[in-house]
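Side chains are part of it too, since the values below use all heavy atoms of this structure and drop only hydrogens, waters and symmetry mates. We count ligands from 1, going down the list as the structure has it; atoms in each ligand are counted the same way.
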Amino acid sequence: MNAVILAHYYQEPEIQDIADYIGDSLELSRKAAATDAETIVFCGVRFMADVAKILSPNKKVLLPDLDAGCSLEDSCPPEQFQNFIQQHPNHKVLTYINSSIQVKAISDIVVTSSSAEKILQQLPKDEPIIFAPDKYLGAYLNKKTGRDMVLWDGSCIVHERFSEEALVKLQATHQDAQIIAHPECPENLLQYADHVGSTSSLLNYTKDANTDKFIVLTEPGIIHQMQLASPTKTFLDVPGAGEGPCTSCNSCPYMRLNTLEKIYLCMANQTPAITIEEDLRLKAKGALDTMLEMTA
Ligand code: 13P
Ligand code: SF4
């Protein structure tokens with residue numbers, strides 16, 4: 001098929017094992033833009049496959065399950081966001097890649113968790129900025145860079161729900177462990193972290209750090225690559241703080257919609273494929289290109 005299979009770190013281990021390339025959102029965007037393959041099979045969520053199609057419109061982009069959405073994307077409806085922008089005139093609009101094409105189309109610059117700080121360093125310190133949709137990533141960036149960005153009130157249902165109580169208990173039981181966290185977690189969790197970063201940054205940290213045990217505050221799919229890279233180290237995931245039967249659930253329900261069977265079927269049947277109306281694609285591409293240029 002001359003296809004390339006791209007997978008995000010939050011996919012099931014068996015999917016990661018058949019992928020040609022595994023990465024964080026920024027790395028997968030770059031891979032999608034640069035590949036020579038005719039078909040991109042995107043094992044991740046919808047907004048990631050949309051980005052692949054925006055950057056490589058002449059390639060076929062297959063997503064094993066079209067329902068693989070994202071709670072952060074859902075937390076920022078485009079019309080409401082348009083009103084929010086109008087209420088804050090003269091603000092630069094910085095948008096996390098976990099957002100819809102429509103929201104990207106009305107943004108100035110797209111960022112990922114691994115590119116946001118580098119991009120902010122290149123903007124004047126006093127420039128007024130709107131950051132959307134993740135209020136926790138926005139608050140983390142405000143603290144880290146000393147800015148006062150106006151934050152949209154969105155969040156990820158996975159990173160917001162890790163149990164602080166369970167984290168503290170784990171820390172007490174494993175005092176030799178370091179805590180690593182994704183910046184989509186709220187401040188009450190990030191305060192415990194020895195290292196905060198994107199999925200790739202967390203993985204690299206576990207390879208390089210002189211520590212044998214890690215408590216991992218992000219979707220546990222990434223532990224597969226951590227364990228492969230450091231077979232003698234120990235990785236502990238943190239349960240969610242839900243109610244009822246889902247109390248310990250910490251997996252992304254959208255990422256987990258993809259299965260090996262659905263990947264096989266989408267390749268065999270060449271569907272579902274991503275299609276985007278050209279006007280909208282070009283509008284969203286501007287903000288994505290700016291990110292790629294500012295992080296080249
Ligand atoms: P990364 O950019 O760190 O891979 O994060 C993507 C994501 O969806 C985190 O929830
Ligand atoms: Fe979206 Fe959260 Fe899943 Fe990442 S973990 S894809 S932000 S719902």
Side-chain angles (χ1 to χ4, degrees), residues 6-12 15-16 19 21-32 42-52 63-76 94-100 103-104 110-119 131-138 140-141 152-162 180-186 189-190 193 195-206 216-226 237-240 242 246 249-258 288 291-292 295:
L6 305 183
H8 189 265
Y9 289 120
Y10 294 167
Q11 293 291 281
E12 299 279 358
I15 296 178
Q16 296 185 31
Y21 190 80
I22 312 162
D24 70 7
S25 330
L26 180 63
E27 293 161 344
L28 293 176
S29 307
R30 287 196 188 290
K31 250 330 190 233
F42 213 110
C43 304
V45 290
R46 174 75 190 247
F47 77 80
M48 296 178 177
D50 288 341
V51 167
L63 181 66
D65 190 322
L66 275 188
D67 288 334
C70 168
S71 58
L72 259 173
E73 173 178 346
D74 293 345
S75 70
C76 191
L94 240 69
T95 299
Y96 191 32
I97 198 164
N98 300 38
S99 54
S100 65
V103 164
K104 289 184 179 82
V110 168
V111 302
T112 67
S113 49
S114 54
S115 64
E117 276 183 68
K118 189 168 183 183
I119 287 168
F131 186 84
D134 189 357
K135 62 179 170 186
Y136 299 125
L137 175 60
Y140 170 74
L141 290 168
W152 176 265
D153 185 11
S155 57
C156 159
I157 54 167
V158 178
H159 290 85
E160 190 172 50
R161 282 192 201 154
F162 288 116
I180 55 175
H182 196 279
E184 285 175 21
C185 292
L189 298 171
L190 291 182
H195 177 70
V196 177
S198 73
T199 48
S200 281
S201 163
L202 298 181
L203 173 60
N204 290 333
Y205 187 81
T206 62
V216 182
L217 266 172
T218 194
E219 216 274 2
I222 195 171
I223 290 178
H224 182 54
Q225 290 307 316
M226 292 174 171
D237 64 337
V238 182
C246 281
C249 182
N250 56 9
S251 303
C252 172
Y254 307 99
M255 287 277 181
R256 301 299 169 129
L257 283 177
N258 294 326
L288 274 165
M291 169 181 79
L292 295 175
T295 54

> Under 4.5 Å between any side-chain heavy atoms of Asn98 and Glu73, yes or no?
Replying inline: no
> Should you measure from each heavy atom of Asn98, which atoms of ligand 2 turn up under 4.0 Å away?
Replying inline: 4 (Fe), 7 (S)
> Within less than 2.8 Å of atom 2 (Fe) of ligand 2, any N, O or S from His159?
Replying inline: no
> Short list, please: which atoms of ligand 1 are under 4.0 Å from a heavy atom of Ser198?
Replying inline: 3 (O)
> Is Tyr10 in contact with ligand 1, taking contact as a heavy-atom separation below 4.0 Å?
Replying inline: yes
> Identify the closest protein heavy atom to atom 2 (Fe) of ligand 2: which residue and atom is it, and at what distance?
Replying inline: Cys156 SG, 2.3 Å
>> Heavy atom to atom 4 (O) of ligand 1, shortest distance: which of Thr218, Thr199, Val158 holds it?
In response: Thr199
> Taking C-beta and beyond as the side chain, do Glu27 and His8 meet within less than 4.5 Å on heavy atoms?
Replying inline: no
>> To check your reading of the model: name the closest protein heavy atom to atom 9 (C) of ligand 1, its residue, and the distance in Å.
In response: Glu184 OE2, 3.0 Å
> Hey, does Glu184 sit under 4.0 Å from ligand 2 if you only count heavy atoms?
Replying inline: yes
> From Cys70, does some N, O or S atom reach closer than 2.8 Å to atom 3 (Fe) of ligand 2?
Replying inline: no
> Which pair of non-hydrogen atoms, one from Met291 and one from Ser115, has the smallest distance, and what is that distance?
Replying inline: SD-OG, 3.6 Å
> Is there a heavy atom in Ile157 that sits closer than 4.0 Å to ligand 2?
Replying inline: no
> Where do Pro183 and Tyr140 come nearest, in terms of heavy atoms and distance?
Replying inline: CB-CD2, 3.7 Å
> Of Ser71, Gly44, Cys252, Ser75, which has the heavy atom at the shortest distance from atom 6 (S) of ligand 2?
Replying inline: Cys252
>> If we count only N and O atoms by modelled type, under 3.5 Å, do the side chains of Thr218 and Tyr9 hold a donor and an acceptor together?
In response: no
> How far is atom 1 (P) of ligand 1 from its nearest protein heavy atom, and which residue and atom name does that atom have?
Replying inline: Ser25 OG, 3.4 Å
> Starting from atom 8 (O) of ligand 1, which protein heavy atom do you reach first, and at what distance in Å?
Replying inline: Asn98 ND2, 3.1 Å
>> Distance alone, cut at 3.5 Å: any donor-acceptor contact between the side chains of Thr295 and Arg30?
In response: yes
> Which atoms of ligand 1 sit under 4.0 Å from any heavy atom of Ser113?
Replying inline: 1 (P), 2 (O), 3 (O)
> Is there a heavy atom in Met255 that sits closer than 4.0 Å to ligand 1?
Replying inline: no
> Closest heavy-atom contact between Pro64 and Asn258?
Replying inline: CB-OD1, 3.5 Å
>> Could you tell me, atom by atom, which parts of ligand 2 come under 4.0 Å of a heavy atom of Tyr254?
In response: 8 (S)
> What atoms of ligand 2 come within less than 4.0 Å of a heavy atom belonging to Leu72?
Replying inline: 7 (S)
> What's the shortest heavy-atom distance between Leu202 and Val196, and which atoms?
Replying inline: CD2-C, 4.4 Å
> Any side-chain donor paired with an acceptor under 3.5 Å for Asn250 and Asp237?
Replying inline: yes
> Is there a heavy atom in Glu219 that sits closer than 4.0 Å to ligand 1?
Replying inline: no
> Do Ser198 and His182 have side-chain N/O donor and acceptor atoms under 3.5 Å apart?
Replying inline: no
> With no hydrogens and no angle check, do the side chains of Ser201 and His195 hold a donor and an acceptor under 3.5 Å apart?
Replying inline: yes
>> Only heavy atoms of His182, strictly under 4.0 Å: list the atoms of ligand 1 that pass.
In response: 1 (P), 3 (O), 5 (O), 9 (C)
> Would the number of heavy atoms belonging to other residues, nucleotides or ligands and lying under 6.0 Å from NZ of Lys135 be above 12?
Replying inline: yes
